[in-house]
Every structure is written in structure tokens, then in C-alpha cells.
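Note sheet for the following structure.
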Amino acid sequence: MKHSNQISIKRRDHVFVLTGAGISAESGLATFRGTDGLWEGEHVEDVASPQGWKRDPERVWRFYSQRRKAALAVAPNPAHLALASLEQTLGDRFFLCTQNVDNLHERAGSRNLVHMHGELFQSCCESCDNLPFTDTQLYETRASHRHCPCGARLRPNIVWFGEVPFHMERILDELLRCTVMLVVGTSGAVQPAASFVHWARDRGHSSLRSYYVGPEHPSNASAFTQLFEGPAGVLLPQLFAVAPADSH
Ligand code: APR
């Protein structure tokens, strides 16, 4: 396939976008996989696993309270805005799945999106089926922790390692119908998201074109039609060439 410096989106295309931590990097939020294997100085298993929660809920809430603070202090960058603007043009031919728990896509104006790893500004019961609720509070001490009416503790509504991602049925439907797949700012190291490009290619539309945007090659680089190398905030605002509604 001919490589180009833009992604051309035709009248009948359905666009599936998957984003990861890299799209929020230029807003000032740290990505996860540093060379030392730590997130903000914490081991993943201590703050993002059911075992870590069981061992030390105070540490887990401290970690997510820090992340709530950090997310409140930043704003969407041109990459988030470019995706929101693409959605405005394409309407329901656009679908966004993010692995990020921050709310920068919503704040940029994206609406047709799902958070497969949960949402930072939601809490839920660790035990019963009461629905998750919006929660911007910080829980930095054990005394501040809250409980569900059922008596169990409230936890962050985040999908931790070993838990099942949210919205998988909807995601699979969208992967099977998309004709353009764009992946932005994710290392391709965490499943199942790392396999989405393979699922769309092998089980989805025969004419799928798939693109990756980020400064480094992801682990699953060979699955893409084309890689655009660079920061998302610089590349995305110029990336889409959308055909007018009445063209072919
Ligand atoms: N623009 C685009 N991509 C960027 C930028 C940028 N400005 N800066 C960094 N990146 C890329 C990095 O090159 C890297 O490939 O973003 C990626 C970030 O990778 P990770 O930190 O591994 O984040 P992600 O892939 O989103 O992690 C997936 O793993 O830890 C869990 O649940 C957590 O959702 C997270 C999931």
C-alpha cells in the first residue's frame, strides 16, 4: 500500500480509534511503562491489582487520589481536540475506545466513547452491584474512606490487572464493522487492547486500513498498514483528509 502523510477517510468509512496513555502525555499526565517498571514510584501490582487492594486499600486510594489531583490540574491537548472534531464531522461513523481513565477526551468534546479500563472520577462498591457513581473526592487517609450502603468499601472504578475490561461486546461489534482503525499512544503491551488491530484485520472488514500514531513503535507495530511517527498533539490535527459527504 502507498504510504501517505494523511489518513484519507471516505464517505462510507467507519473509524475506530483506540487511545492509550500517550495521547494524554502532552497534557502533562505521565505514561505508565517507564524503564524502571514503576508508576509514579509505585509497583503496578501494589496499586493496580485486586491483591494490592486487599493488602493495602489506603495505599491504593492514595495513589488514585494523586491521579485524580493530577488529572484535574491538566487540560485536553490538540490530539484530544482533533479526535473530538473528527467525531463532529463523522457522527456515528466514529467510535472511540480509550484505555485511559482520565476524562480528557470528554473534556475535549468526544461523546461516542467508552473507557475500557474504567474511569478515574468514578467509584464503585468492591462487593455489590450498585452502579458506579461520579466521585471527584480525594481519599488520602483511611479515616476519609467511604462505604457502600451494603457495608462494603468503595473502591476506584478502575479495571485492575486480572480483571475483565468493560464494554467488550460493544468494542468487538465496532472492531468488526470499522474500515479504518487508528491507534494512538499505546505501547501495545497490555491485552486485550494490544490484539484489537489483529481482531479487526483477521475477523473484520476485508479492506481495513490500520494506522498507529506515536513517537515509538509499539510492540504490535507489524500489524499496522502504516505508522506515523511523532507526538500525537503535533500529528493528529493535520492527519485526516475527510471526503465531503456527497463524494465517493
Ligand atoms: N504522543 C503519542 N504517543 C506517545 C506520546 C505522545 N506525545 N508520548 C508517549 N507516547 C507513547 C509511548 O511511546 C508509549 O508507546 O505512549 C505509549 C504509552 O505506553 P504505556 O505507558 O504502556 O501506556 P498504555 O499502552 O496506554 O498502557 C495500557 O496498561 O497499565 C495499564 O491500564 C493501564 O491503560 C493502561 C494500559
Side-chain angles (χ1 to χ4, degrees), residues 7 17-53 60 63-64 66-68 70-71 74-83 96-105 108 113-122 155-168 171 181-198 210-224 226-240:
I7 296 174
V17 182
L18 171 69
T19 62
I23 197 164
S24 296
E26 287 156 86
S27 292
L29 296 180
T31 59
F32 300 114
R33 267 157 213 86
T35 42
D36 52 6
L38 299 176
W39 291 356
E40 309 271 327
E42 295 280 7
H43 288 284
V44 171
E45 61 274 18
D46 288 334
V47 291
S49 74
Q51 297 77 9
W53 169 248
V60 172
F63 176 75
Y64 285 101
Q66 279 308 318
R67 292 187 63 198
R68 282 184 179 178
V74 301
N77 68 54
H80 298 105
L81 294 168
L83 291 181
L96 172 58
C97 170
T98 185
Q99 295 169 90
N100 298 345
V101 299
D102 68 54
N103 59 2
L104 293 175
H105 282 305
L113 93 153
V114 297
H115 285 269
M116 65 178 291
H117 290 163
E119 299 190 41
L120 186 55
F121 293 106
Q122 284 187 347
R155 57 165 273 185
N157 191 32
I158 303 281
V159 177
W160 287 327
F161 283 94
E163 297 183 321
V164 181
F166 298 148
H167 309 292
M168 286 307 295
I171 292 168
M181 179 164 190
L182 169 65
V183 179
V184 184
T186 172
S187 54
V190 171
Q191 294 295 354
S195 292
F196 288 176
V197 62
H198 300 277
S210 55
Y211 305 95
Y212 180 81
V213 175
E216 300 161 314
H217 286 193
S219 311
N220 54 0
S222 62
F224 291 93
Q226 187 176 343
L227 307 172
F228 292 92
E229 224 169 292
V234 173
L235 294 182
L236 285 194
Q238 322 293 334
L239 196 60
F240 310 110

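Indexing begins at 1, ligand by ligand and atom by atom, following the structure's order.
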Worksheet item: How about Pro237 and Pro78: do any of their side-chain heavy atoms sit closer than 4.5 Å?
Response: yes
Fill in: Aromatic ring pairing Trp160/Tyr64, orientation class (parallel under 30°, perpendicular over 60°, tilted between)
tilted
Worksheet item: With a cut-off of 4.0 Å, which atoms of ligand 1 are near a heavy atom of Ala25?
Response: 8 (N)
Worksheet, complete the sentence: Quick look: Thr31 vs ligand 1, heavy-atom contacts under 4.0 Å, and the answer is both
Worksheet item: For residues Gln122 and Asn157, is any side-chain donor paired with an opposing acceptor at under 3.5 Å?
Response: yes
Discussion item. List ligand 1 atoms under 4.0 Å from Gly214, heavy atoms only on the residue side.
Written reply: 2 (C), 3 (N)
Worksheet item: Taking only heavy atoms of Tyr212, which atoms of ligand 1 are found under 4.0 Å from at least one of them?
Response: 15 (O)
Practice prompt. Measure the shortest side-chain to side-chain distance between Ser27 and His80 over non-hydrogen atoms and say whether it is less than 4.5 angstrom.
Written response: yes
Worksheet item: So, do Thr98 and Val114 sit near enough that their side-chain heavy atoms are less than 4.5 Å apart?
Response: no
Worksheet item: Is there side-chain contact between Ile23 and His105, with heavy atoms separated by less than 4.5 Å?
Response: yes
Fill in: Contact check: Ala232 vs ligand 1, nitrogen or oxygen atoms, below 3.5 angstrom
yes
Worksheet item: Counting each atom of ligand 1 from 1 as listed, which ones have a heavy atom of Gly20 under 4.0 Å away?
Response: 26 (O)
Worksheet entry | Backbone or side-chain N or O of Gly233 under 3.5 Å from ligand 1 N or O | no
Fill in: Sole residue of Tyr211, Phe196, Phe224 in side-chain contact (heavy atoms from CB on, under 4.5 Å) with Val183
Phe224
Worksheet entry | Subset of ligand 1 atoms that lie under 4.0 Å from at least one heavy atom of Glu216 | 12 (C), 13 (O), 14 (C), 15 (O)
Worksheet item: With backbone taken as N, CA, C and O and side chain as the heavy atoms from C-beta onward, which portion of Phe161 lies under 4.0 Å from ligand 1: side chain, backbone, both, or neither?
Response: side chain
Worksheet entry | Contact check: Glu26 vs ligand 1, nitrogen or oxygen atoms, below 3.5 angstrom | yes
Practice prompt. Nearest 0.5 Å please: distance from the CG atom of Asn100 over to the OG1 atom of Thr19.
Written response: 5.0 Å
Response to the item:
Nearest non-hydrogen contact to atom 9 (C) of ligand 1 from the set Pro215, Gly118, Ala48, Ala194 belongs to Pro215
Discussion item. Below the 3.5 angstrom mark, is there an N/O of Ala21, backbone or side chain, next to an N/O of ligand 1?
Written reply: yes
Fill in: Proximity of Gln99 to ligand 1 by residue part, where a heavy atom lies under 4.0 Å
both
Worksheet item: Does the side chain of His115 pick up a donor-acceptor pair with the side chain of Gln99 at under 3.5 Å?
Response: no
